[in-house]
Amino acid sequence: MDSVIGLEIIEVVEQAAIASARWMGKGDKNTADHVAVEAMRERMNRIHMRGRIVIGEGERDEAPMLYIGEEVGICTQENAKQFCDPEQLIEIDIAVDPCEGTNLVAYGQNGSMAVLAIAEKGGLFRAPDFYMKKLAAPACAKNHVDINKSATENLKILSDCMSRSIEELVVVVMDRPRHKGLIEEIRNAGARVRLISDGDVSAAISCAFSGTNIHALMGIGAAPEGVISAAAMRCLGGHFQGQLIYDPEVVKTGLIGESKESNIARLQEMGITDPDRVYNAEELASGETVLFAASGITPGTLMQGVRFFKGGARTHSLVISSQSSTARFVDTIHMFDAPKSLQLR
């Protein structure tokens, strides 16, 4: 899977990033997301694969494209036999977020990216559109920090694992009312807090790269993005844990479902019998082969955003593979016209 579609999934996220970046700073998050979805779907349907969206834009009646259950790839089309023998290709599950951080794009802020994760069929946890308590940390702290411990305890463990003082640690937390107590605890423990408005996938995977000055992600964010983060951290060997949050009183904002009881019933219908279970990266992204790809829309910690120039654009992307144990940063020039020479600015 790595060798067959690795390069092409980079193009998928690149095209989504370029489409969305054209709407950067225009204050229209819905269009920024919509064009990214269309671009991602169009490029995905030209790949020689049998894919199914397991985490996408929502249910079919709410999302006309890249909805959960949608089949993508040349070999899922009605005329597939003109291009391939579908029975000879493995089926793959795909988790997508064509514009992770729509508000960031709309208001010209840093940290938005187009992102996806791929594994063979059944290799990605089909997270409901709920919230998830998350803990991400570098590889050296894997299986040492624990989401069931307090932030204070985990910071002490992380400090020991990284041979740094707690005062040198930076923890990313989403700026939400539900995190008021968490933020106070982190600060009282001596660590520094970096608040973000959106886009915790980038924050999670930044923990696995040295030099980012991000040492942990803590707090509650969207569950589907948690699975995508876990896929990247599984490939990178970093620490990631997630626990579904189904109680509206905990989240305080925008949880699907009218009550805690109705959300538990929905989880049971999905086959999740233990709603309080803590999942690690290997459980959320359990496939034998896992691929992760992202392309910056606006500038971020790991990647540059899309930069347009006369006749083209330049993108900066990241593809991570469990199969080849690699993390590749890809700097790409896209030539929309056919210029006699490239003038990069």
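Fair warning: this is a prediction, and the values are worked out from it, not measured in the lab. Below, all heavy atoms of this structure are taken into account, side chains as well, without hydrogens, waters or symmetry copies. In this chain, numbering begins with 1 at the start of the sequence shown.
Under a 3.5 Å cut-off, the side chain of Glu100 and the backbone N or O of Val115 do not form any donor-acceptor pair. Proximity of a side-chain donor or acceptor of Gln268 to a complementary backbone N or O of Thr273 within less than 3.5 Å is not detected. Ser321 places no side-chain N or O within donor-acceptor distance of the main-chain N or O of Leu291, the cut-off being under 3.5 Å. With hydrogens and angles ignored, the 3.5 Å screen pairs a side-chain donor or acceptor of Arg192 with a backbone N or O of Glu168. Side chain of Thr298 to main chain of Gly305: no donor-acceptor pair is present (N/O by atom type, distance under 3.5 Å, no hydrogens or angles). Using a distance-only test at 3.5 Å, with no hydrogens or angles considered, a donor-acceptor pair links the side chain of Asp93 to the main chain of Gly122. In this structure, the side chain of Ser20 does not engage the main chain of Ala16 through any donor-acceptor pair within 3.5 Å. Between the Thr76 side chain and the Gly73 main chain, a donor and an acceptor come within less than 3.5 Å of each other.
Pairs of residues two or more places apart, or lying in two chains, that qualify as ring-ring contact (aromatic ring centres under 6.0 Å, His included) and include a residue from residues 203-228 are Phe209-Phe329. For residues 195-219, the salt bridge (charged side-chain N to carboxylate O under 4.0 Å, His left out) pairs, not counting sequence neighbours, are Lys134-Asp200, Arg176-Asp198. Applying the ring-ring contact (aromatic ring centres under 6.0 Å, His included) test to every pair with at least one member in residues 139-158, sequence neighbours left out, gives no pairs at all. Counting only residues at least two apart or in different chains, salt bridge (charged side-chain N to carboxylate O under 4.0 Å, His left out) contacts with residues 64-74 comprise Arg41-Glu70, Arg52-Glu71. Contacts classified as ring-ring contact (aromatic ring centres under 6.0 Å, His included) and involving residues 260-289 (residues at least two apart or in different chains) are given here: Phe125-Tyr279. Applying the side-chain hydrogen bond (donor to acceptor under 3.5 Å, both in side chains) test to every pair with at least one member in residues 222-240, sequence neighbours left out, gives these pairs: His239-Gln241. Screening residues 135-151 for salt bridge (charged side-chain N to carboxylate O under 4.0 Å, His left out) gives Lys142-Glu282 as the qualifying pairs, with residues at least two apart or on separate chains.
Atom-to-atom distance recorded for Asn30:CG and Thr102:OG1 is 7.5 Å, nearest 0.5 angstrom. Once rounded to the nearest 0.5 Å, the distance linking OG1 of Thr315 with CD1 of Ile333 reads 8.0 Å. Note: Asp28 CG to Met24 CE = 14.0 Å, rounded to the nearest 0.5 Å. To the nearest 0.5 Å, atom CD1 of residue Ile9 and atom CD of residue Glu14 are 10.5 Å apart. Distance check, rounded to the nearest 0.5 Å: CG of Leu244 to CG of Asp274 gives 10.0 Å. For the atom pair CD1 (Ile186) and CG (Asn154), the distance works out to 10.0 Å, reported to the nearest 0.5 Å.
Within the 4.5 Å cutoff, no side-chain heavy atoms of Phe292 are placed close to those of Leu116. Under the 4.5 Å side-chain criterion, counting only non-hydrogen atoms from C-beta, Asn280 is not in contact with Phe240. Residues Ile18 and Phe336 form a side-chain contact, since some pair of their non-hydrogen atoms from C-beta on lies under 4.5 Å apart.
Here His34 pairs with Glu38 under the side-chain hydrogen bond (donor to acceptor under 3.5 Å, both in side chains) rule; sequence neighbours left out. For the side-chain hydrogen bond (donor to acceptor under 3.5 Å, both in side chains) test, no residue two or more places apart in sequence or in another chain qualifies with Glu184. With sequence neighbours excluded, the residues satisfying side-chain hydrogen bond (donor to acceptor under 3.5 Å, both in side chains) with Arg178 are Thr253. Annotation: side-chain hydrogen bond (donor to acceptor under 3.5 Å, both in side chains) contacts of Glu42 (sequence neighbours excluded): Arg46.
Glu283 and Ser286 are not linked by any side-chain donor-acceptor pair at a separation below 3.5 angstrom, with hydrogens and angles left out of the test. For Ser317 and Ser295, the side-chain atoms include at least one donor-acceptor pair closer than 3.5 Å.
Taking each heavy atom of Val54 and Ala95 in turn, the nearest pair found is CG2-N, 4.4 Å.
A salt bridge does not link Asp337 with Lys310: every distance from a Lys NZ or Arg NE/NH1/NH2 to an Asp or Glu carboxylate oxygen is 4.0 Å or more. A salt bridge does not link Lys29 to Asp33: none of the charged nitrogens lies less than 4.0 Å from a carboxylate oxygen.
Both Ile92 and Val12 are assigned to one and the same hydrophobic cluster, defined by single-linkage of ILVMFWY side chains at heavy-atom distances under 4.5 Å. When hydrophobic clusters are built by joining Ile, Leu, Val, Met, Phe, Trp and Tyr residues whose side-chain heavy atoms come closer than 4.5 Å, directly or via intermediates, Leu182 is not grouped with Val170.
Within 6.0 Å of CD in Glu167 there are more than 12 heavy atoms belonging to other residues, nucleotides or ligands. No more than 12 heavy atoms of other residues, nucleotides or ligands lie within 6.0 Å of NZ in Lys121, so this atom counts as exposed by the packing criterion.
Membership of the apolar cluster around Ile196 extends to Val172, Met174, Ile214, Leu217, as traced through chained side-chain contacts below 4.5 Å between ILVMFWY residues.
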*Check against salt bridge (Lys or Arg N to Asp or Glu O under 4.0 Å), Arg43 and Glu8*: CA-CA 8 Å; Arg43 183 62 185 89; Glu8 291 194 277; 3.2 Å; yes

*I would like to know whether Thr289 and Glu120 meet side chain to side chain donor-acceptor pair (under 3.5 Å); could you show each step before the answer?*
CA-CA 7 Å; Thr289 301; Glu120 65 271 16; 4.6 Å; no

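Under the side chain to side chain contact (heavy atoms under 4.5 Å, CB included) rule, Met40 has a single partner from Val35, Val96, Asn45, which is Val96.
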